[in-house]
Colleague: 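Have a look at this one before I ask anything.
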Amino acid sequence: MEVLASSSSASLSPHFAISYTYKNPNFTAKAATPQVLPWKPHPIRIVKAQLRSCLLCKRTNARNKLRNWSNIDGASKHYFLLQSISRLHKNISSKCGFFSISYGRFKLRRYSGTIQKVIDCSEKIRPHVSVLSVHLLVGVMLVMSLSVSVSKSPSWALTEENLLFLEAWRTIDRAYVDKTFNGQSWFRYRENALRNEPMNTREQTYTAIRKMLATLDDPFTRFLEPEKFKSLRSGTQGALTGVGLSIGYPTQFDGSPAGLVVISAAPGGPANRAGLLPGDVILAIDDTSTEMMGIYDAAERLQGPEGSSVELTIRSGPEIKHVALTREKVSLNPVKSRLCQVPGSGRDSRRIGYIKLTSFNQNASGAVKEAIDTLRSNSVNAFVLDLRDNSGGLFPEGIEIAKIWLDKGVIVYICDSRGVRDIYDTDGSNAIAASEPLAVLVNKGTASASEILAGALKDNKRAVLFGEPTYGKGKIQSVFELSDGSGLAVTVARYETPAHTDIDKVGVIPDHPLPTTFPKDEEGFCSCLQDPASTCYMNRVQLFAR
């Protein structure tokens with residue numbers, strides 16, 4: 001039976017409705033005629049009227065507010081729930097006093113005996129409100145209590161160390177090539193690290209950053225402490241104190257002892273004078289095994305104060321040898337050039353300009369232009385660009401040098417996990433040597449920016465490549481400085497040659513091999529072109545014919 005009632009005399013509350021279901025064993029359909037009962041003043045009913053009216057208002061207000069609940073911030077939600085509970089508490093505490101408001105947080109006053117109080121309260125309300133309504137009321141309050149408690153999660157202030165860690169995290173988030181971050185949730189890693197990694201000192205923060213980068217499983221993305229960052233910058237600016245070695249990871253496993261491979265030795269440097277060759281394996285540095293050593297840790301060990309010494313254990317072919325080297329300031333003048341006069345007469349005579357490019361530092365493109373101008377003044381009619389043992393350097397310099405030789409065409413495609421994202425090309429406006437015959441010499445010490453240049457010249461049919469497959473480093477890193485002077489070297493992209501060849505771990509394949517005895521210095525190169533009896537002899541037709 002449903003009872004609808006309103007009161008015109010009770011001014012303590014607005015109109016309200018009370019409904020309940022009453023099970024009578026003698027109830028029949030004939031007795032189902034509804035009756036309207038007159039209102040009789042009753043103190044308890046007035047209290048319940050207030051309660052019921054309050055609940056209706058709360059339900060209406062809550063419905064209106066919850067329509068935009070997802071747009072309300074946590075603090076507002078917390079305030080809304082507390083205000084609602086506080087008003088409900090005032091209305092029902094006299095009969096159902098098992099809630100309390102304490103220090104701005106809603107909680108159960110006592111857990112013991114709560115069930116009995118709920119039962120007692122429901123017995124008092126039952127004649128006026130349905131059992132279902134009471135159960136819903138209690139359930140809603142319990143849920144609200146739990147929601148308020150959970151929503152107020154602990155918070156903490158970010159320290160200076162936390163902020164440095166977040167600066168490194170954001171750098172990787174923005175720049176790293178693999179947006180799956182090696183198959184992990186990068187945001188979740190950040191939250192877990194801030195909660196669990198100790199960052200009370202600068203060294204602990206550096207450790208946390210290194211640990212974060214290690215999850216990417218990318219040896220070329222690494223953290224650089226302030227001194228290492230400064231050293232890296234000096235290396236790209238033209239000078240470095242060390243032994244003159246470029247090193248890398250072996251590209252193939254042939255059963256030989258693990259270690260780091262020599263990519264190239266700077267001409268005239270300590271390692272070059274000691275006879276170290278591309279392909280030699282460094283097994284130990286100062287008795288510390290390189291088996292699990294990263295290339296940048298090894299590079300740091302090879303560098304040091306001028307005049308100090310370092311001992312290397314080298315595997316060269318089947319031979320194991322120990323080499324003591326004295327560190328010195330290695331000048332990184334990136335270009336050497338020479339004019340080679342090839343025998344002939346009349347139109348068959350050739351004046352060949354030989355340019356050896358050893359690195360891509362910030363002086364490289366300017367030095368190549370200067371060498372071309374000097375050789376042009378001596379009436380050269382062909383060029384040889386030697387990129388052997390050039391381990392790379394600054395990516396923009398590689399692009400600029402490609403523009404010197406090309407009148408038009410794509411230089412390189414920059415790709416990420418979703419495909420091509422950028423194209424570097426040229427319209428010929430920067431070309432100064434786009435017409436003369438050009439041969440390019442490469443070997444397994446040719447890496448990184450050198451491979452970009454060699455691939456661009458080969459795929460655009462601008463040059464003929466001689467030598468052996470290059471190193472195969474098909475990824476590009478950018479260096480980012482952090483606020484404390486440290487830095488990150490981050491793999492920002494992979495690249496493809498103009499023919500869409502991915503050279504990573506494969507290298508650029510040359511058009512022709514070079515004789516095994518072909519020399520690497522400019523004097524020896526000229527002799528191989530001039531003396532037909534030499535074992536390295538190549539005539540001009542062989543050098544420039546496709």
Side-chain angles (χ1 to χ4, degrees), residues 267-268 333-361 363-390 397-409 411 426-442 446 450 453-454 456-458 460-467 510-512 514-515 517-546:
N333 183 6
V335 170
K336 292 183 178 181
S337 63
R338 181 179 175 85
L339 173 64
C340 295
Q341 181 77 45
V342 179
S345 60
R347 297 178 60 184
D348 290 333
S349 65
R350 288 282 184 177
R351 297 172 69 85
I352 298 174
Y354 173 84
I355 299 174
K356 185 171 183 66
L357 179 61
T358 58
S359 67
F360 289 81
N361 61 26
N363 305 319
S365 60
V368 170
K369 290 178 181 178
E370 183 179 346
I372 291 173
D373 290 340
T374 301
L375 293 169
R376 277 253 184 83
S377 66
N378 289 290
S379 303
V380 299
N381 46 31
F383 289 99
V384 172
L385 178 62
D386 192 349
L387 298 177
R388 290 175 296 174
D389 299 332
N390 184 330
E397 288 297 302
I399 299 299
E400 290 304 311
I401 294 173
K403 290 179 179 180
I404 291 173
W405 302 100
L406 292 170
D407 58 357
K408 63 179 180 179
I411 298 172
T426 181
D427 59 4
S429 58
N430 294 324
I432 63 172
S435 58
E436 295 94 341
L438 176 64
V440 176
L441 312 183
V442 297
T446 303
S450 293
L453 176 57
L457 296 177
K458 177 187 177 183
N460 282 288
K461 309 299 182 185
R462 175 64 186 91
V464 184
L465 264 63
F466 289 86
D511 298 300
H512 308 290
L514 277 175
T517 57
F518 204 86
K520 292 185 179 180
D521 62 282
E522 58 271 23
E523 292 289 344
F525 169 79
C526 287
S527 66
C528 289
L529 299 183
Q530 295 168 347
D531 183 5
S534 171
T535 58
C536 64
Y537 176 72
M538 291 182 66
N539 61 40
R540 63 184 183 278
V541 175
Q542 292 173 317
L543 190 60
F544 298 107
R546 297 188 183 281

Colleague: For the pair Leu514 and Arg388, evaluate side chain to side chain contact (heavy atoms under 4.5 Å, CB included) and give the outcome as yes or no after the intermediate values.
Modeller: CA-CA 12 Å; Leu514 277 175; Arg388 290 175 296 174; 4.1 Å; yes
Colleague: Give the minimum heavy-atom separation between Tyr354 and Asp386, together with the two atoms involved.
Modeller: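 Minimum heavy-atom contact is OH-OD2, 2.6 Å.
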Colleague: Taking Asn378 for the side chain and Val380 for the main chain, is one N or O donor matched with an acceptor at less than 3.5 Å?
Modeller: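 It does not hold such a pair.
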Colleague: What are the two closest non-hydrogen atoms of Arg338 and Cys526, and how far apart are they?
Modeller: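 Residues Arg338 and Cys526, closest heavy atoms: NE-SG, 3.4 Å.
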Colleague: Show, in sequence, the C-alpha distance, side-chain angles and deciding distance for Arg351 and Leu339, and conclude whether the side chain to side chain contact (heavy atoms under 4.5 Å, CB included) test is met.
Modeller: CA-CA 7 Å; Arg351 297 172 69 85; Leu339 173 64; 3.2 Å; yes
Colleague: Measure the spacing between CD1 of Ile401 and CG of Leu457 and express it to the nearest 0.5 Å.
Modeller: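 Output value for this atom pair is 10.0 Å.
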Colleague: Show your reasoning for whether side chain to side chain contact (heavy atoms under 4.5 Å, CB included) applies to Asp389 and Thr358.
Modeller: CA-CA 7 Å; Asp389 299 332; Thr358 58; over 6 Å; no
Colleague: Do side-chain atoms of Asn460 reach the backbone of Arg462 as a donor and acceptor pair under 3.5 angstrom?
Modeller: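 Answer holds: no.
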Colleague: Taking side chain as C-beta onward, heavy atoms only, is Lys458 less than 4.5 Å from Asp511?
Modeller: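 Yes, side chains in contact.
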Colleague: Between Phe518 and Phe525, what is the ring plane arrangement, given parallel below 30°, perpendicular above 60°, and tilted in between?
Modeller: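 Perpendicular.
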Colleague: State, with a plain yes or no, whether a side-chain heavy atom of Ile432 is found less than 4.5 Å away from one of Lys369.
Modeller: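 Sidechains of Lys369 and Ile432: in contact.
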Colleague: Just by distance, do the side chain of Asn390 and the backbone of Leu357 share a donor-acceptor pair under 3.5 Å?
Modeller: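 Side chain of Asn390 to backbone of Leu357: a pair is present.
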Colleague: Considering all heavy atoms of both residues, which atom of Arg376 and which atom of Phe383 are nearest to each other, and what is their separation?
Modeller: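 Taking Arg376 first and Phe383 second, the nearest heavy atoms are CG-CZ, 4.3 Å.
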Colleague: Under the side chain to side chain contact (heavy atoms under 4.5 Å, CB included) rule, what do Trp405 and Val440 come out as? Steps first, then yes or no, please.
Modeller: CA-CA 12 Å; Trp405 302 100; Val440 176; over 6 Å; no
Colleague: I need the Leu387 CG to Lys356 NZ distance, nearest 0.5 Å.
Modeller: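 Those atoms lie 8.5 Å apart.
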Colleague: Could you tell me whether the side chain of Phe466 reaches within less than 4.5 Å of the side chain of Val384, counting heavy atoms only?
Modeller: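 Side-chain contact under 4.5 Å: no.
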Colleague: Any chance CD of Gln542 has more than 12 other-residue heavy atoms, nucleotides or ligands included, within less than 6.0 Å?
Modeller: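 Above 12, so yes.
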Colleague: Restricting to non-hydrogen atoms, name the atom on Thr535 and the atom on Pro515 that form the minimum distance, rounded to 0.1 Å.
Modeller: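 Scanning both residues completely, I find the closest heavy atoms to be O-CB, 4.1 Å.
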Colleague: For the CG atom of Leu441 and the OG1 atom of Thr446, what is their distance to the nearest 0.5 Å?
Modeller: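 Atom-to-atom, Leu441:CG and Thr446:OG1 are 9.0 Å apart.
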Colleague: What are the two closest heavy atoms between Ala364 and Ser359, and how far apart are they?
Modeller: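 That closest heavy-atom pairing would be CB-O, 3.7 Å.
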Colleague: State the CG-CG distance between Leu438 and Leu465, to the nearest 0.5 angstrom.
Modeller: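 So the CG of Leu438 and the CG of Leu465 are separated by 9.0 Å.
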Colleague: What is the minimum heavy-atom distance between Ile352 and Phe544, and which atoms define it?
Modeller: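 The pair with the smallest heavy-atom distance is CD1-CE1, 3.9 Å.
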Colleague: Is Thr426 reaching over with its side chain to a backbone N or O of Lys403, donor-acceptor style, under 3.5 angstrom?
Modeller: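 Checked: no pair found.
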Colleague: Let me confirm one number: the OG-CD1 distance from Ser377 to Ile372, rounded to the nearest 0.5 Å.
Modeller: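 Result: 12.0 Å between the selected atoms.
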